[in-house]
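Data block below; observations after.
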There are 2 protein chains.
Amino acid sequence: MTDLRSADLPASTTLSSTLVARLRTAIMNGELVPGAKLVLDRMRASYGVSLSPLREALCRLESEGLVEIVDQRGYRVAPVSRDNLAEVIRLRAELEGLAAREAIAHGDAAWEGRVLSAHHQLTRCQRGSRSPGEQEAWERAHRAFHAELISACRMPMLQQFCETLHDQGDRYRRIFLKDHTPDPHVPAEHAAIAQAMIERRAEDAVGLLRDHIERTGRKIMAALCP
Amino acid sequence: MTDLRSADLPASTTLSSTLVARLRTAIMNGELVPGAKLVLDRMRASYGVSLSPLREALCRLESEGLVEIVDQRGYRVAPVSRDNLAEVIRLRAELEGLAAREAIAHGDAAWEGRVLSAHHQLTRCQRGSRSPGEQEAWERAHRAFHAELISACRMPMLQQFCETLHDQGDRYRRIFLKDHTPDPHVPAEHAAIAQAMIERRAEDAVGLLRDHIERTGRKIMAALCP
DNA sequence: TTTTTTAAAATCATCGATTTATTTATTTAC
DNA sequence: GTAAATAAATAAATCGATGATTTTAAAAAA
C-alpha cells in the first residue's frame, strides 16, 4: 500500500496516490462526514481529476476501512458506530500488544534509538491545537511514535493491520474529541510505554500500551455514545 | 469487499468483481505464479476487458495481499517467502484463536447449527483431488467451515482479517502441497475443533485450532523451504 | 571490458465519451 | 388511496485513445 505519510522519497507520485492522501486527510478530519455519499461526478469536478484515478483512490481507501464500496451503487464515507469503535479499540489493544511483544524480542539498539527519537520529537509538538499546522504536526509525530514502537516486530502484515486500526481509531478521536482539551495523562503514558519498551520489560510495556489504548478509547466512546 | 465465493445472491455483478474472482482463483491455484509481472495490456487482451475494470480488480486483490502494486511500475503477483508464510501462520493462529474465543462467548444455538452443518458438508467432500471440480468443492467447504467457526464473534473486521490470512495460507498450501496426498489427520482435527466449539470448551477449542493451523503450516513450510 | 548516454520501445496513468444500471418521478390499474 | 408498471433522470461502469514514465537496447565514452 502506498503511503504518503511515511516520509519516504516524494518519488514519482501518481495522481491516485495524491488523491488517496488528500481524501484520507479529509475523511480522518471529518470534513467528509461519516456515511456521506461520494458521488463520483461531483468529486471529479471538485478535485479536478478524471474518474480513473478517483476510483482507484477510493478503492485503496476501502482497504483502509475509510470508504465503503457497493457494486453499481457507489461510494460512501465509512460510517461510524459504537460497535465499530469498540472493535477497533479491542483489536488495536490485542494486535499492538502482540506486535510490541515481538518488537521487544527482536529489536536492536538502533530500534531503541528510533523509539527514543520518535518519542522526543513527539514531546516537542504542542498538542493544544494552536494552529491547524501544529496540530497536524502532533498527529504525524504521534502516528510515527506508535509505528516506531512496533517497527522491530518483523511482521509487516501485522504492522499494516496496526496502522489501519490506528487510523480508524484516530478518525473517531479527531471527530468526536475535536474540541476537547488535550488529555493530560497522555504524555506520561507515552513516556512510560517508551521507557518500558526500551528497557525490554515486555509485560509492563504491553500492559501500559493496552491501558493507554483502552483508556483513550473509552474517552472517545463516552463522547460518541450519549 | 465484494466476494463471489460466499454463495450470496448472484447480484448485479460488475465486470471488476467477476475479474477479481477469476484472478483470485488463478493466483490461489498458482496458475499465475508468485512474483509474475502482470502486464496490463496483455491481461486486457487475454481477459477481453478494458483497463479500468482490470486496474480496479488488481487494486482490490492488493488489499487481499495477493497482488503487489508499485506506482508507475505496474502490478505483480504477490511473491512468496519463508518469512511471509511464517507470519501468515503466526497471525492466523493468534487471530483465529481470538475470534474463536469470542464466537464461543457470543454464539447462540443457531450458530452451533451452522457450525455443525458446515462441518457435515465438509465431510461430504472428497479431498483426494479426483476431479478439479471435486477439489474445488472441498476448498469451498473448507473455507466455509473455518469461516463459520468464527462467524459468531461479532467482530467483522477481525473476520475480514482472518479471511485474508486464510486465503494467503491457502495459496501456499495449494501451490506447495499440490501433489501431496491429503493429510490424514485433518478430518479428525476438524471434527475435534467443531465439537469443542459447540460444547463451548473455549480453551480446548482455541488450542485445537492453533495446533491445526500450526501443524498444517509446518507441513507447508517443510515443502516450501528446502 | 565497463560505464555512461542516448534513443526507442514498452508499459503505465489519465482522460473524455459511451454504455449500462439504478434511482426517482410519473402514470396507470385496481 | 395504494400499488404496480413505466419513463425520465441520475450516476456508475466500461471503453478506446492520448499523454507520461520507465525499461530496454544500442551506441558512445572511459
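Residue numbers begin at 1 in each chain, while the letters A, B, ... track the order of the sequences.
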Within the 4.0 Å limit for protein heavy atoms, which parts of nucleotides 8-13 of chain C are touched? Write it as a string from 5' to 3', B for base, S for sugar-phosphate only, - for none.
---SSB
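The closest side-chain donor-acceptor pair between A/Glu139 and A/Gln135 falls under 3.5 angstrom. Judged by distance alone, the side chains of A/Arg114 and A/Ser151 do bring a donor and an acceptor atom under 3.5 Å apart. Side chains of B/Ser17 and B/Arg60: a donor-acceptor N/O pair is present below 3.5 angstrom, by distance only. Judged purely by distance below 3.5 Å, without hydrogens or angles, the side chains of B/Thr14 and A/Asp71 never pair a donor atom with an acceptor atom.
Side-chain atoms of A/Lys178 come within 3.5 Å of backbone atoms of A/Asn29 as a donor-acceptor pair (strictly under, hydrogens ignored). Judged purely by atom type and a 3.5 angstrom limit, B/Glu214 has no side-chain atom pairing as donor or acceptor with the backbone of B/Ile89.
Distance B/Tyr47 OH to D/dT14 P: 16 Å, rounded to the nearest Å.
Using bins of under 30°, 30° to 60° and over 60° for the plane-to-plane angle, the ring pair B/His142/B/His166 lands in the tilted bin.
Across its full length, the helix from C/dT1-D/dA30 to C/dC30-D/dG1 shows an angle of 20° between the axes of its 5 terminal pairs at either end, rounded to 10 degrees.
Annotation: side chain of A/Glu96 is in contact with side chain of A/His146 (closest heavy-atom distance under 4.5 Å).
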